[in-house]
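Heads up: the structure comes next, in structure tokens.
Each ligand, and each atom within it, is numbered from 1 in the order the structure gives.
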Amino acid sequence: MQLLFKENLARIGKFKTDHGEIETPAVMPVINPNLNFLSERELKDLGVQAVITNSYIIRRTEKLRDYALKYGVHRLINFQGPVMTDSGTFQSYVYGDIEYNNKEIVDFQKNIGSDIITILDIFSRPDDGYETAKNAVYETYNRLNEIDIGNKIIAGPIQGSIYPDLRKISAKLMSKAPYLPIGGVVPLLESYRYDDLIKIIINSKVNADFSKPIHLFGGGHPMFFAFSVLLGVDLFDSASYIKYAKDNRVLYTEGTRNLKEIRDFPDWSPLFGRYKPEELLRETEKIRLKELSKHNLKAIFNEITEIKERIYENTLYQYVEEKSRAHPSLYRAFIEMLNSNIDNFYNISLKSPFYFYDNHSLKNPFVKRLIEFTFKYINNSKKCVILNHKYWRAGVPTADSVKEFYGSNDYNILVQWNNIFIPLELEDTYPVSQSVSSNIIDRDYQTYFISELKKINNDIIFYDDSITYDRKVRDYDHGKIDAVFKFQFNCDRSLFNSSDFIVRSKATGHIRNILRDSKILATMRNDGFFTLSIHGGSALQKIKEYPMSRVVVTPDSGEFNAKDFNVFFKFIKDFDENIIAGNEVMVVGENDELYAVGHSTVSGTEMKSYREGVAVKVHEGINKL
Ligand code: GUN
């Protein structure tokens with residue numbers, strides 16, 4: 001799978017099948033081979049790239065079976081794009097044993113020319129006991145081993161019921177398959193157990209091979225798409241569009257309404273202006289089913305389009321935060337997500353501002369990083385002085401400005417940011433300056449936060465006018481670049497020293513470049529972090545221990561990277577596992593010879609999985625030196 005755009009674990013990607021590429025996130029409508037009433041043109045006009053149908057039903061029905069074996073599944077269901085087939089697992093879950101075994105049903109899918117073939121996995125129910133679920137995980141894995149994957153896209157479902165360790169084991173085992181659905185979740189989706197789903201998706205996703213498509217089996221309701229995609233799901237299948245149509249239910253992003261109870265269709269609906277609800281009710285069942293199916297599919301694909309746009313502009317997290325209020329079960333799921341640890345997968349910063357609402361916002365990984373750094377920052381014998389919002393923004397009366405005050409002492413200076421206190425030096429760094437706040441201050445939380453800080457450094461006071469200032473002992477700008485550097489690279493030592501020269505932007509007055517011997521070491525970006533030049537990379541390399549912030553490449557690749565060309569995943573030999581997605585890295589050879597500097601497109605944890613595409617966007621190669 002190739003990565004195109006990314007927001008933390010969410011991604012826009014693409015992968016190839018024998019019948020064309022699929023750009024993800026994508027939804028595959030379930031096509032009933034007995035009842036196929038939407039043409040390929042109609043499906044494609046609604047945004048459908050690929051469909052899923054059931055090989056078990058085809059095989060069991062003589063007419064369909066003979067036709068599919070003779071002409072292929074694409075002709076059977078009249079769809080020339082990518083077709084995925086399911087195996088009958090779900091039918092065996094609903095109706096009990098089925099009459100074919102794993103090998104037979106996989107061979108059948110191969111013989112009818114399916115693009116994505118599903119093994120006959122064992123469906124684990126949420127209420128299965130641990131041992132039953134464990135046996136199902138291993139039996140599913142045996143079934144994957146029993147078949148010849150070859151160059152086929154075989155879907156190997158991740159099972160494990162609601163047990164985190166079984167999902168983890170299953171994700172690791174099934175990662176041998178080229179395509180990874182998360183299975184056994186339909187009962188949870190049907191009963192709105194979204195919080196359990198969050199845990200299942202996270203445990204499956206973070207333990208699976210990141211380069212492989214992740215599919216949420218049966219996750220066809222748009223209400224949960226954004227949550228799933230934010231946690232790394234790439235594909236869904238949906239039978240709900242038809243199921244709802246059969247019940248005269250009209251689908252919207254947040255839920256359904258009864259056709260009998262609505263005044264009109266929304267303006268995005270293909271039915272808007274063509275039918276009034278009461279007119280559609282008077283139509284034959286066949287027409288109504290077709291028209292409502294179109295409407296429902298449109299609702300599904302609208303949501304996918306919005307989600308993709310959100311990933312592209314880096315606001316999917318905010319979208320999910322909005323969605324969390326659409327239903328109490330979603331809110332519960334949102335809180336579950338905030339309490340889980342997926343921090344490693346968060347980028348260094350996002351291109352959109354951070355929205356600070358309330359104390360839940362403190363659990364966002366960007367804020368968690370900030371808090372963690374604050375605890376490290378005060379872990380010394382210096383006094384801590386807190387400037388509340390008034391002093392931070394209006395200046396400190398005993399000095400002409402906050403910066404002058406900072407220069408006159410050697411205290412840890414903290415400033416109030418929403419309900420917490422953070423190092424002054426990070427005032428222009430993401431997410432601090434790029435945030436929009438509700439400005440609802442929770443004093444009790446602030447008191448609690450100070451008590452937490454005091455566990456590390458007990459010498460904490462609030463600024464007041466009695467604190468006088470002394471002669472100049474330090475320089476704010478140098479203090480700032482040092483603190484930002486330590487925050488950005490999660491280290492105790494700065495690249496910079498006090499004789500480095502700081503250049504400010506004439507237009508904004510902000511710090512722009514850090515120079516040493518008249519050469520640029522680093523540039524401070526709009527998100528307040530640094531981009532390293534090759535000189536900066538070279539200086540950093542001398543003070544960092546191998547393999548910190550390094551991506552080790554083959555000599556062939558290094559030659560190109562030295563000339564400013566990007567690093568491709570397939571040429572990577574080693575890397576620092578702690579790399580943060582979007583952060584600066586040094587591209588080096590096996591003897592630590594520097595080839596280039598750039599930023600990593602993914603985190604260290606993900607780097608080992610990908611094979612296709614760009615791993616490091618190179619800013620500058622060593623040939624420039
Ligand atoms: N459809 C819905 N859930 C599942 C599942 O767990 N496995 C398979 N193969 N298909 C499904």
Side-chain angles (χ1 to χ4, degrees), residues 27-33 50-60 83-98 100-110 114-128 132-144 146-147 152-163 166-167 169-171 173-174 177-191 193 196-197 200-201 203-205 208 213-221 224-225 228 233 235-243:
V27 181
M28 299 172 175
V30 173
I31 302 291
N32 181 340
V51 299
I52 182 167
T53 188
N54 197 301
S55 64
Y56 168 72
I57 295 173
I58 298 173
R59 177 154 183 179
R60 208 183 48 171
V83 174
M84 177 172 179
T85 43
D86 201 351
S87 54
T89 292
F90 199 62
Q91 282 66 28
S92 82
Y93 155 68
V94 178
Y95 309 114
D97 269 355
I98 58 165
Y100 310 112
N101 68 27
N102 176 47
K103 270 185 170 161
E104 286 166 342
I105 202 71
V106 167
D107 278 343
F108 181 69
Q109 293 174 69
K110 286 182 181 170
S114 168
D115 295 298
I116 304 172
I117 294 166
T118 311
I119 64 164
L120 191 64
D121 50 318
I122 314 280
F123 191 100
S124 278
R125 281 189 287 264
D127 54 0
D128 275 349
T132 311
K134 186 173 167 188
N135 290 338
V137 163
Y138 284 102
E139 176 56 20
T140 298
Y141 180 55
N142 288 343
R143 292 186 179 188
L144 176 65
E146 192 177 88
I147 58 152
K152 295 276 179 242
I153 306 182
I154 302 286
I158 298 169
Q159 295 285 351
S161 183
I162 54 166
Y163 304 104
L166 293 185
R167 286 283 171 184
I169 292 169
S170 185
L173 293 175
M174 300 313 285
Y179 188 98
L180 303 170
I182 298 174
V185 296
V186 170
L188 296 173
L189 283 158
E190 284 175 347
S191 52
R193 285 170 63 182
D196 283 325
L197 272 159
I200 289 173
I201 295 172
N203 282 308
S204 306
K205 171 73 184 187
I214 301 281
H215 180 134
L216 190 68
F217 253 149
H221 196 303
F224 198 60
F225 285 171
S228 312
V233 171
L235 293 117
F236 304 87
D237 57 287
S238 175
S240 59
Y241 77 99
I242 264 191
K243 273 196 229 149

Item to complete: Distance to 0.1 Å, residue and atom name: give those for the protein heavy atom nearest to atom 8 (C) of ligand 1.
Response: Phe217 CE1, 3.3 Å
Response to the item:
Among non-hydrogen protein atoms, atom 10 (N) of ligand 1 lies closest to Asp86 OD2, 2.6 Å
Discussion item. Give the atom numbers and elements of ligand 1 that come within less than 4.0 Å of a heavy atom of Thr118.
Written reply: 9 (N)
Discussion item. Working to the nearest 0.5 angstrom, can you tell me the gap between Thr53 OG1 and Ile31 CD1?
Written reply: 7.0 Å
Discussion item. Looking only at the side chains, is there a donor atom on one of Gln159 and Thr140 sitting less than 3.5 Å from an acceptor on the other?
Written reply: no
Worksheet item: Closest non-hydrogen protein atom to atom 7 (N) of ligand 1, residue and atom name please, with distance?
Response: Asp121 OD2, 2.8 Å
Fill in: Parallel, tilted or perpendicular: ring planes of Phe236 versus Phe225, cut at 30 and 60 degrees
tilted
Practice prompt. Of the side chain and backbone of Ser87, name the one, both, or neither that has a heavy atom under 4.0 Å from an atom of ligand 1.
Written response: side chain
Practice prompt. Say whether Gly184, considering both its backbone and side-chain N or O atoms, lies within less than 3.5 Å of an N or O atom on ligand 1.
Written response: yes
Practice prompt. Examine the side chains of Ser55 and Thr85 and answer whether a donor and an acceptor come within less than 3.5 Å of each other.
Written response: no
Worksheet, complete the sentence: Result for side chain to side chain contact (heavy atoms under 4.5 Å, CB included) between Leu120 and one of Ile147, Thr89, Val106 points to Thr89
